[in-house]
K.L.:
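Input: one structure, supplied below.
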Amino acid sequence: MSMKLLKYENHLDLNSMKELPDSYAWSSVDDDSPTSCSSEPVPVINLEDPNAMMQVGHACKTWGVFQVMNHGVPMMVLDEMEASGRKLFSLPIQQKLQAARPVDGVSGYGVARISSFFPKLMWSEGFTIIGSPYEHAQKLWPHGYTHFCEVIEEYKKEMNTLVNKLMWLILGSLGITKGDIKWAGPTGELKEACPVLQLNSYPACPDPDRAMGLAAHTDSTLLTILHQNNTSGLQVQREGTGWVTVPPIRGALVVNVGDLLHILSNGLYSSVLHRAMVNRTQHRLSVAYLYGPPSNVRISPLSKLTDSCHPPLYRPVTWSEYLGTKAIHFNKALSLVRLCARRNGFVDVNDHNSVLVG
Ligand SMILES: C=C1C[C@]23C[C@@]1(O)CC[C@H]2[C@@]12CCC[C@@](C)(C(=O)O1)[C@H]2[C@@H]3C(=O)O
Ligand SMILES: O=C(O)CCC(=O)C(=O)O
Ligand SMILES: [Fe+2]
């Protein structure tokens, strides 16, 4: 094979490339280059602070993203997850392809799912885990998959505890109590949704200024909890400022507001547009815990947040319906579930054809 590059699904084995192929060269990466280091930093919140709820609410309203410390997830669990991710992505490509994500499937190894919406390829590889990791792990390590599976299960358990804590802080900051949430159990635990674990790998890149690790997107979740290794790359877009880097802080976790929380809060807390950049010398890893509601729950603006002056801006939607819309329409999905302006007698700010009423 020429240049000893192994091709899979039209994508190349990134670890073996000495030059950036044209198919990976994003000419416009620098058009909206990151803001200077002097911009306001992404909030870092100590979850043991008695004012944590107020700070979380403020961060959701003004950023849509924040980092948390003293979150209760043991450092060892984060380190083990990172080591397992590294072990997985450093397997030979032929081995990783044993666990390839099927064309019509969600779990497994593959390129960024959003690739199809962009003319250029992304400098990353991913591994998506939904439900049990056993089936795929067995294909990756036929004789030694148990440790990987144990690490994943432990990580999911810790994330589930944290996501409950975060959801109640966020909902509390909106004045929402346990009785207002249909999918909360009697002791306030949020009924088990089917969480998704997304492992992302961004190999060192020979021409990082022209490459894109993961293109700008919002997550289709209520919340995403992201663990990044010590290499920076995550950037969030802030209105009026531009792209702001979320610096890795050892032990801290990044929390993103997703589209479903945007809907649930009737747009009070906006989902955050984010992307991942790559690095010339360092391999970057991230692990995203994508949290959504149980499959039978339809998410719509909470009634406590709406009245005649603040009508619901979005129609009810289940997580899987929303993922379906996202899979087809990508970043237009949120505006597609937005209620039509005229039907409610108010103007939709996103509807440029609407006529002012009243
Ligand atoms: C539940 C999901 C959210 C996700 C699509 C998916 O079905 C599984 C992977 C998720 C992920 C992770 C990387 C970014 C993202 C946009 C993508 O392409 O796959 C998200 C999807 C999403 O939040 O819409
Ligand atoms: O790698 C990152 O920092 C971002 C990953 C991400 O956005 C995702 O998995 O949804
Ligand atoms: Fe994301």
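These numbers come from the heavy atoms of this one structure, side chains and all, not from hydrogens, waters or symmetry mates. Indexing begins at 1, ligand by ligand and atom by atom, following the structure's order.
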K.L.:
Without hydrogens or angle criteria, can the side chains of N200 and Q198 be said to hold a donor-acceptor pair below 3.5 Å?
P.N.:
yes
K.L.:
When you measure from the centre of the six-membered ring of W26, is the NZ or CZ of R210 closer than 6.0 Å and no more than 45° off the axis?
P.N.:
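So R210 doesn't make the cation-pi contact.
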K.L.:
Ring centres of F118 and F330 under 6.0 Å apart?
P.N.:
yes
K.L.:
Is at least one protein non-hydrogen atom found at under 4.0 angstrom from atom 16 (C) of ligand 1?
P.N.:
yes
K.L.:
Does ligand 2 have any N/O atom under 3.5 Å from a protein N/O, and what are those pairs and their distances?
P.N.:
| residue | atom | partner | partner atom | Å |
| --- | --- | --- | --- | --- |
| ligand 2 | 1 (O) | Y202 | OH | 2.6 |
| ligand 2 | 1 (O) | R284 | NH1 | 3.1 |
| ligand 2 | 1 (O) | S286 | OG | 2.7 |
| ligand 2 | 3 (O) | R284 | NH1 | 3.2 |
| ligand 2 | 3 (O) | R284 | NH2 | 2.8 |
| ligand 2 | 7 (O) | H217 | NE2 | 3.2 |
| ligand 2 | 7 (O) | H274 | NE2 | 3.0 |
| ligand 2 | 9 (O) | N200 | ND2 | 2.9 |
| ligand 2 | 10 (O) | H217 | NE2 | 3.4 |
| ligand 2 | 10 (O) | D219 | OD1 | 3.3 |

K.L.:
Which of the atoms in ligand 1, numbered in the order shown and given with their element, are less than 4.0 Å from a heavy-atom of L323?
P.N.:
1 (C), 2 (C), 3 (C)
K.L.:
Using a 4.0 Å cut-off to any heavy atom of D219, which atoms of ligand 1 qualify?
P.N.:
23 (O)
K.L.:
With heavy atoms of I114 as the reference, note each atom of ligand 1 found under 4.0 Å away.
P.N.:
16 (C), 18 (O)
K.L.:
Any donor-acceptor pair under 3.5 Å linking the side-chain atoms of T231 with those of N279?
P.N.:
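The answer is no; no qualifying pair exists.
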K.L.:
If hydrophobic clusters are built from ILVMFWY residues whose side chains come within less than 4.5 Å, do L162 and M76 share one?
P.N.:
no
K.L.:
Write out the residue and atom name of the closest protein heavy atom to atom 1 (C) of ligand 1, then the distance separating them to 0.1 Å.
P.N.:
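Going by distance alone, atom 1 (C) of ligand 1 is nearest to V196 CG2, 3.5 Å.
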K.L.:
Run through the side-chain heavy atoms of Ile, Leu, Val, Met, Phe, Trp and Tyr, join any pair under 4.5 Å, and report what else lands in M69's cluster.
P.N.:
V44, I249
K.L.:
Any protein heavy atom sitting closer than 4.0 Å to atom 21 (C) of ligand 1?
P.N.:
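No, because not a single protein heavy atom sits under 4.0 Å from atom 21 (C) of ligand 1.
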K.L.:
How about T177 and D180: does a side-chain donor come under 3.5 Å of a side-chain acceptor?
P.N.:
yes
K.L.:
Any atom of ligand 1 sitting under 4.0 Å from a heavy atom of V106?
P.N.:
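V106 counts as a contact of ligand 1 under the 4.0 Å cut-off.
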K.L.:
Can you spot which of H262, H274, K326 makes a side-chain hydrogen bond (donor to acceptor under 3.5 Å, both in side chains) with T218?
P.N.:
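Only match with T218 under side-chain hydrogen bond (donor to acceptor under 3.5 Å, both in side chains): K326.
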K.L.:
May I ask you to list the protein N, O or S atoms found at less than 2.8 Å from the Fe ion (ligand 3)?
P.N.:
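As for protein N, O or S atoms lying under 2.8 Å from the Fe ion (ligand 3), they are H217 NE2, D219 OD1, H274 NE2.
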K.L.:
For atom 10 (C) of ligand 1, which of the options T224, V111, L290, L197 provides the nearest non-hydrogen atom?
P.N.:
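Comparing heavy atoms across T224, V111, L290, L197, the nearest one to atom 10 (C) of ligand 1 lies in L290.
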K.L.:
Just by distance, do the side chain of S132 and the backbone of Y134 share a donor-acceptor pair under 3.5 Å?
P.N.:
yes
K.L.:
Does anything in residues 144-200 pair up under ring-ring contact (aromatic ring centres under 6.0 Å, His included), and if so which pairs, sequence neighbours excluded?
P.N.:
W141-F148
K.L.:
Look at the side-chain heavy atoms of Ile, Leu, Val, Met, Phe, Trp and Tyr, link any pair under 4.5 Å apart, and say whether M54 and I170 land in one connected group.
P.N.:
no
K.L.:
Please confirm whether H217 comes within less than 3.5 Å of ligand 1 when only nitrogen or oxygen atoms on both sides are compared.
P.N.:
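N/O-N/O distance below 3.5 Å does not exist for this pair.
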K.L.:
Can you list the atoms of ligand 1 that are under 4.0 Å from a heavy atom of Q198?
P.N.:
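With Q198 as reference, the close atoms of ligand 1 come out as 9 (C), 12 (C).
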K.L.:
Measuring from atom 11 (C) of ligand 1, which candidate in K326, R275, R113 has the nearest non-hydrogen atom?
P.N.:
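Of the listed residues, R113 has the closest heavy atom.
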K.L.:
Going by distance alone, is a donor N or O of one side chain under 3.5 Å from an acceptor N or O of the other, for T306 and N266?
P.N.:
no
K.L.:
Closer than 4.0 Å to some heavy atom of S220 - which atoms of ligand 1 meet that?
P.N.:
22 (C), 23 (O), 24 (O)
K.L.:
Under a plain distance cut-off of 3.5 Å, with no hydrogens placed, do R113 and T128 share a side-chain donor-acceptor pair?
P.N.:
yes
K.L.:
In a check of side-chain contact (heavy atoms from CB on, under 4.5 Å) between V73 and each of V68, L253, I225, T161, which one passes?
P.N.:
L253
K.L.:
Between CE of M277 and CE of M212, what distance do you get to the nearest 0.5 Å?
P.N.:
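Reported to 0.5 Å precision, the distance equals 4.5 Å.
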